[in-house]
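To start, the structure itself, in structure tokens.
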Number of protein chains: 2
Amino acid sequence: MKAVPTHGIDLDVLENTLSFYIRVMDSQVSRNLDQRLDRLEVARGKGKITALFLIDGNPGIRPSVLAELILKDRSATGRILDSFEAHGLIERRDSAKDNRALECFITPKGAALAAKVRAIVVDQSTAFFDRIIPRDEQTVLMGILKRAYHRLREVEA
Amino acid sequence: MKAVPTHGIDLDVLENTLSFYIRVMDSQVSRNLDQRLDRLEVARGKGKITALFLIDGNPGIRPSVLAELILKDRSATGRILDSFEAHGLIERRDSAKDNRALECFITPKGAALAAKVRAIVVDQSTAFFDRIIPRDEQTVLMGILKRAYHRLREVEA
DNA sequence: GCGTGATAGTTGTAAAAGTCCATCAATTTT
DNA sequence: AAAATTGATGGACTTTTACAACTATCACGC
């Protein structure tokens, strides 16, 4: 990528639009993360990593609950689970309580992947933001976004 | 969407990972924005709005410069310009100085769309974040992200 | 118990984005 | 003048994502 100074370029109203910065940050951090996760079954897309962790940390979690937590519809979630299962990362078993429902369980292979991804994700986020945001500001940022995240869930409900 | 409380759900390391919150915020704000922009030629995808504004505000800007600014490769940028041109929003003319290059110019129709989109984008961002982040925190957030954005460009270069 | 409506999950489809690579023309460098 | 670089386009491919249709099951009220 070439050096194109941002000073002097007129970004119009985007200059003062929060959503613009969120969107740019996302695309860059996501691209960077995908490179780190290359070949790891969870690269690309926003929900795969969260889904893997949730299944790892909440044995028996159901696809529909998962869908709401990763903010996707059931069909998209189902396809993620299909690919997880095809790669031997999880198992879907019929629920004893509700014959419509399934329950997701991590496999040893899935747990191993989760451990690996855990390390990568944390490391990547730290490395990425350390280059562009001072540590004290990162703390502030995290606080604001964390509260916003929880409020988002309340509001959406 | 149903009420699924986030309290009590274990998000694993994501709980303290900045990239996670950035990614979630992005997906929500982008989805919300797309709904607002429905049918407007610039919905979906991250670069279209920025590209339109840049062409509007910088007459004669070249596709390759545009590509670097919207953080896409030339091929993807070209396709955005194709669709803009097909919809009569811009014109690409041969550059007088460099016969390889093109120069992009907004059309009246494109300028009208830019004006409309400008209003929507600002309004949407404000409305979206007002629901989940107090105004004073929004100011702080904007400052941090703005600095991060410019540093990102310096670092990437 | 039975019907209505909601819920769980799958499948199909369609649209679109992003990336990679090859190609071609024009320009700059040495 | 040859080589390397840059600007732009085109094709192919992978993935994501949303939307709607469909089956099966459950829950509630009467």
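Chain letters run A, B, ... following the sequence lines, proteins first, then strands; residues in each count from 1.
Between A:Lys48 and D:dT16, a side-chain N or O to OP1/OP2 separation shorter than 4.0 Å is present.
Ranked by how close their nearest DNA chain D nucleotide is to the 5' end, A:Lys97 and A:Arg74 are led by A:Arg74. If you find the closest nucleotide of DNA chain C to B:Asn99 and to A:Gly78, the one lying nearer the 5' end belongs to A:Gly78.
One can place CG of A:Asp98 at 12 Å from P of D:dC28, the figure rounded to the nearest angstrom. One can place CZ of A:Arg100 at 4 Å from C1' of C:dT7, the figure rounded to the nearest angstrom. Going from atom CZ of B:Arg79 over to atom P of C:dT19 covers 12 Å, rounded to whole Å. A:Ile80 has its CD1 atom 12 Å from the P atom of C:dT10, to the nearest Å. The distance from atom CG of B:Asp94 to atom C1' of D:dG7 is 12 Å, rounded to the nearest whole Å. Distance CZ (A:Arg93) to C1' (C:dA8): 19 Å, rounded to an integer number of Å. With rounding to whole Å, A:Lys72 atom NZ is found 12 Å from D:dT15 atom C1'. The CG-C1' distance, from B:Asn32 to D:dA18, rounds to 16 Å in whole Å.
Taking each heavy atom of A:Lys146 and B:Tyr21 in turn, the nearest pair found is CG-OH, 3.4 Å.
Residues that satisfy the salt bridge (Lys or Arg N to Asp or Glu O under 4.0 Å) test with B:Arg100, not counting sequence neighbours, are B:Asp98. Applying the salt bridge (Lys or Arg N to Asp or Glu O under 4.0 Å) rule to A:Arg147 yields the partners B:Glu137; only residues at least two apart in sequence or on another chain are considered.
Each of A:Val122, A:Val29, A:Thr126, A:Leu145 was evaluated against B:Leu18; a single residue qualifies, A:Leu145, per the side-chain contact (heavy atoms from CB on, under 4.5 Å) test.
Counting any heavy atom pair closer than 4.0 Å across all strands shown, A:Ala76 reaches no nucleic acid atom. When heavy atoms are screened at a 4.0 angstrom cut-off, B:Ala67 is found touching no nucleic acid atom at all.
Closest approach to the A:Arg62 side chain among C:dA8, C:dT19, C:dA17 is made by C:dA8 (side chain taken as heavy atoms from C-beta onward). The side chain of A:Asp73 approaches D:dC19 more closely than any other nucleotide in the set C:dT19, D:dC19, D:dC26. Minimum atom distance to the side chain of A:Ser75 is reached by D:dC19, of the listed C:dC20, D:dG7, D:dC19.
Under 4.0 Å is where a charged nitrogen must lie from a carboxylate oxygen, and between A:Glu103 and A:Arg92 no such pair does.
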